[in-house]
Amino acid sequence: MKSWLEASSCGGGGGGRGGEGRKKVDIDEPVELASIDGTSAYSLSNGILPSLGARSNRRVVLRPYIVSPFLPQYKWWESFLVLLVLYTAWVSPYEFGFIRSPIKVLSIADNIVNGIFGIDIVLTFFVAYLDSQTFLLVDDHKKIAWRYLRSWFILDIISTVPSELGEKILPHSLQAFDGLFNMLRLWRLRRVSKMFSRLEKDRNVNYFWIRCLKLVVVTLFTVHCAACFYYFIGTHYPDPTKTWIALEMDNFKDADLWLRYVTSIYWSITTLTTTGYGDLHPVNTWEMIFDIFYMFFNLGLTAYLIGNMTNLVVHGTSRTRTFRDTIQAASSFAVRNRLPIRLQDQMVAHLCLKYRTDSEGLQQQEILESLPKAIKSSISHYLFYSLLDHVYLFRGVSNDLLFQLVSEMKAEYFPPKEDVILQNEAPTDLYVLVSGAMEFIIHKNGTEQIVNEVYSGGVCGEIGVLCYRPQLFTVRTKRLCQLLRLNRTVLLNVVQANVGDGAIIMNNLLEHLKEQKDSLMQTVLREIENMLAHGRMDLPLSLCFAATRGDVPLLQHLLKRGSEPNEADMNGRTALHIAAANGTENCAIVLLAHGIDPNINDSEGNVPLWDAILGRHDALIRLLVEQGATLAFGDAAQYACYAVEQDNFDLLKDVVRYGGDVTLAKSNGSTALHAAVPHGNPKIVEFLLTKGAGMDIPDMHGWTPRGLADFHGNEEIKALFRSKEEGSSQSVVMVSDKETDPTFIKNIKTDSDVTPRTSEVTWGNKQPRRQVNTYRNSLFGIMSAAAARVEAQSDGGNFPNSAFLGNQPARVILRCRGWDEATKLVMLPETMKELLEIGSNKFGRHCSKVTTSEGAEIDEIELIRDGDQLCLVCEENNTPES
């Protein structure tokens, strides 16, 4: 025992609760599994499985002087104790019934056995135990001791007390029954029961013969105990001549001890089999009472024996029997079809591990499936969300999508050296590795080559699933692995609830492939990019994804397929925002040609023009201005404050040049002038004053620019304020008319370097995950908009008044032909008659028909589209009022 305890303190490094001096015990290598179980490399019946969500259980680190119950030496120790238990099971009843005075040889042997079990009692305080709820080893000294003290400690101590000490403890009147003290040693029989339970699950031992051996042992022990008890009754009856054994032997007390024992065994067997009571039968009342209870016991024992011999299993062993049958069927199948040894081992290992995870109290998948979906989702979220949050493929996706994916994943265990995915098989699932390790293998020229290894948090099968192409690698486990399996169909269904998340996932995959230096991965990357350009991807993609990549063909394909040009990502940024920030002019041209709003705001109030100005993309600036873009539609106050904080006078002039009002205040009441005064730049302050910035406007804290100037003591700025107040303009720097001239705007060439406020971020580096997905960005929303756009394109490119237009009816411009140039903007009614009545009321003339601006007559209201210019053929009002 000392050597084991010393061995436990070896290895590991460190001490105390921090892990110093702990012993590392491997539990998931295939060879070590064999030594742990004491059976086979694929039994896995007693090994430790990683708990759901565990990152790694490859090594169990034990505290100093703690023995692992899976240590091979400790297994041998338990087997040795079982042999001593068999000795105790025979000698204790024998001494109780047949031995009146102690025999020296038996006493010595009993004390030696008691001493060995005493050592085991001490050793138990240093043996870690497997927690029944977490299935993890507990190596805390206090917990081990408390668990043992409140369970079997007292009975173990009593069963180890020597018989000599028992004689001194018992009163003199009970000395004749001191053998009962030895009967407490039968408590040790629980070890034999555990041994048979372990052997029944060992596939290397025949199950039938193990069950038969167990029944024989139970029967022999029952016969032996009954014979000893019955003889004890006969020898202690007051009248020795009126006993069952006196009928056979006149002076039985002087007869040979072996003869008396055989006679008792004979009586016990004949009674047990209900064939006795011809020559040996009970005589006195004590014997009859004992026989009555013994016969009652025999009824149950006989039923037990017959039931087991008939079925070989009872209710508690039916699962084991099924397991054995499954293993036998798998082995027969493999032999019959001449499968390679490696495949046979994989089959058996997987079935053994499945039995281990589905039985013996685990039943993890059955428990999860029996729970309501809300509870099951909460459990999955608690166990696996933190793991998926760090998986590269899902970096940056929404919180909602990640929660749904976690709820749909299935936890599975795979034994060592088992194939999870085969090269060139159809892509049906992707796997996330929770614990363990796997290797990627490719087959070339009949040989296997390992190209990569993945550990906790790694993903396999994602390329085949996302691109719907045959799997590139064979994925094989290196040791016991816990995996999360996600079906491809489920993944696509979940992603379709938010197209933006699908774009993020695809972009993460592409970025990951770009980081790989392997030529095969670069080839795959080029193939995927080619598929994206032609729109041959099942994963729904967004315009923002195409704009981020600068992929004009993909952008055109998505728009042609009906994507909403103004669709936004999680931050409210549209594809035009991204194109403007990245300087991709071709993408911006395509988007503007399809009617995207050039002045749309993101969640921070930025318009695309501001992104282009920050990036100093001159061509994009000119393009956006020509399309009507202006900073007036954005948060101009924020733009001006940012320029002032950057001390960038040119950027501030650009804010004014492109329509921004620098006198506006932000939500906290501060203006650009508030920000300029502490920076102490008189040039910027002077410029803001010329644009009408107020010196006495308070912010939310009550500070005015004039008060800030007094507080900071900047005399030059204070002088500017006094000059402005007095109406002086000698020192005011005026912006030349040329800088605000529209023709100059179109030909502006800026050369100042400006550090952008926020650089354009990639899909994989998004800020904290968003919580909700908009309708417009969902697949249903895109399909709704797509239907309207397709119908419009088929009829000339405009939306019909009945199409999905944000729940707004179409509007048309009316002009009365031949009378004047007055025009009216009206809502398009449901019928032509109503449209003519509206024209009559608006122009005060009777309208008889409707034509296009080119003169073509319109007969049906359905031919009119949103934004059409219509001409009404009118005549002098001939209504009764005229």
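Hydrogens, waters and symmetry mates are skipped; everything else that's a heavy atom, side chains included, is used.
Side-chain atoms of Gln627 do not come within 3.5 Å of backbone N or O of Leu624 as any donor-acceptor pair. His617 contributes a side-chain N or O that, together with a main-chain N or O of Ala581, makes up a donor-acceptor pair within less than 3.5 Å.
Atoms CZ and CG, on Phe384 and Leu484 in that order, are 4.5 Å from each other to the nearest 0.5 Å. With values rounded to the nearest 0.5 angstrom, Arg485 atom CZ is found 4.5 Å from Glu412 atom CD. Distance CG/Asn487 to CG/Asn493: 9.0 Å, rounded to 0.5 Å.
No option in Glu511, Glu462, Glu515 other than Glu462 meets the side chain to side chain donor-acceptor pair (under 3.5 Å) test with Tyr392. Exactly one residue among Leu402, Leu393, Val397 makes a side-chain contact (heavy atoms from CB on, under 4.5 Å) with Leu388. That residue is Leu402.
In this structure Ser377 satisfies the side-chain hydrogen bond (donor to acceptor under 3.5 Å, both in side chains) test together with Ser407, sequence neighbours excluded. In this view, Glu453 and Lys478 satisfy the salt bridge (Lys or Arg N to Asp or Glu O under 4.0 Å) rule, not counting sequence neighbours. In terms of the ring-ring contact (aromatic ring centres under 6.0 Å, His included) criterion, Phe633 has no residue partners (sequence neighbours excluded). For the ring-ring contact (aromatic ring centres under 6.0 Å, His included) test, residues two or more places apart in sequence or in another chain that qualify with Phe414 are His350. Applying the ring-ring contact (aromatic ring centres under 6.0 Å, His included) criterion to His381, with sequence neighbours excluded, gives Tyr385, Phe403. Under the rule for a side chain to side chain contact (heavy atoms under 4.5 Å, CB included), the partners of Asp602 that lie at least two apart in sequence or sit in another chain are Arg573, His577, Glu604, Asn606.
In summary, Asp654 and Arg616 engage in a salt bridge, as defined by a charged side-chain N under 4.0 Å from a carboxylate O.
In plain terms, the two heavy atoms of Leu555 and Ala547 that are nearest each other are CD1-N, 4.5 Å. Between Leu433 and Gly436 the shortest heavy-atom distance is CD2-O, 3.6 Å.
For the pair Gln516/His512, a side-chain contact is recorded, criterion being any heavy-atom separation below 4.5 Å from C-beta on. Within the 4.5 Å cutoff, the side chain of Leu405 has heavy atoms near those of the Leu486 side chain. No side-chain heavy atom of Ile450 sits less than 4.5 Å from a side-chain heavy atom of Phe440. A 4.5 Å side-chain heavy-atom check between Ile442 and Gln423 finds at least one atom pair inside the cut-off.
A parallel orientation is assigned to the rings of Trp610 and Tyr639, their planes being inclined by less than 30° (bins at 30° and 60°).
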